[in-house]
Amino acid sequence: QVQLVESGGGLVQAGGSLRLSCAASTSNLNINPMGWYRQAPGKQRELVATFTSAGSTNYADSVKGRFTISRDNAKNTVYLQMNSLKPEDTAVYYCHAMFIYWGQGTQVTVSS
């Protein structure tokens with residue numbers, strides 16, 4: 001059983017930055033795949049950025065060059081650095097581990 005707790009969401013103006021954190025309850029953070037999805041109102045949940053099964057990274061085209069996923073195994077935490085935010089990035093962001101475990105989500109709102 002792995003529990004995931006996201007934090008770092010909030011309200012930011014377009015062009016701003018936020019860093020999301022996903023803290024895992026397991027000491028074995030070298031879990032793959034693991035990463036971030038998001039869901040906007042009225043839309044399906046979509047990939048944002050993830051570590052693949054092979055440990056490499058995969059990004060949605062819409063966030064490439066703006067978002068960076070990283071991990072700190074010593075802190076059992078995965079991060080999502082989001083720069084140059086756009087209003088269309090507004091969504092609830094969810095952390096997952098192996099597509100089995102999901103966090104409760106953290107709201108990101110980008111104002112224009």
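Remember, it's a predicted structure, so these values are computed and weren't measured experimentally.
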Closest non-hydrogen atom pair, [X] against [Y]:
X: Leu80; Y: Ala49; answer: CD1-CB, 4.0 Å
X: Val2; Y: Ala24; answer: CG1-CB, 4.4 Å
X: Ser112; Y: Ala14; answer: CA-CB, 4.4 Å
X: Val110; Y: Lys86; answer: CB-O, 3.2 Å

If you round to the nearest 0.5 Å, how far is [atom2] of [Y] from [atom1] of [X]?
X: Trp36; Y: Leu47; atom1: CH2; atom2: CG; value: 13.0 Å
X: Asn73; Y: Lys75; atom1: CG; atom2: NZ; value: 12.0 Å
X: Gln44; Y: Gln39; atom1: CD; atom2: CD; value: 8.5 Å

Would you say [X] and [Y] make side-chain contact, with heavy atoms under 4.5 Å?
X: Leu20; Y: Glu6; result: no
X: Leu4; Y: Met34; result: yes
X: Asp89; Y: Arg66; result: yes
X: His96; Y: Cys22; result: no
X: Ile69; Y: Tyr59; result: yes

For this session: Starting from the C-alpha separation in whole Å, work towards a yes-or-no answer on side-chain contact (heavy atoms from CB on, under 4.5 Å) for Thr90 and Gln107.
Result: CA-CA 8 Å; Thr90 295; Gln107 176 71 47; 4.0 Å; yes
For this session: Start with the C-alpha gap between Phe51 and Thr57, add the side-chain angles, then the distance that decides, and say whether side-chain contact (heavy atoms from CB on, under 4.5 Å) holds.
Result: CA-CA 5 Å; Phe51 290 101; Thr57 55; 3.6 Å; yes
Exercise. Trp102 vs Phe99 aromatic rings, parallel, tilted or perpendicular, using cut-offs 30° and 60°?
Worked result: tilted
Exercise. Is the number of heavy atoms from other residues, nucleotides or ligands within 6.0 Å of CD (Gln3) greater than 12?
Worked result: no
Problem set entry | Single-linkage hydrophobic cluster Met98~Val78, side-chain heavy atoms < 4.5 angstrom |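 Yes: a chain of side-chain contacts under 4.5 Å links Met98 to Val78.
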For this session: Consider only side-chain heavy atoms of I, L, V, M, F, W and Y, link residues closer than 4.5 Å, and tell whether Val108 and Val63 are in one cluster.
Result: yes
For this session: Test side-chain contact (heavy atoms from CB on, under 4.5 Å) on Leu18 and Phe67 and set out the steps.
Result: CA-CA 10 Å; Leu18 285 173; Phe67 292 10; over 6 Å; no
Problem set entry | Cation-pi geometry met for Arg19 and Tyr79 (6.0 Å, 45°) |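 Yes, a cation-pi geometry holds between Arg19 and Tyr79.
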For this session: Check the side chains of Ser17 and Asn83 for a donor-acceptor pair under 3.5 angstrom, ignoring hydrogens and angles.
Result: yes
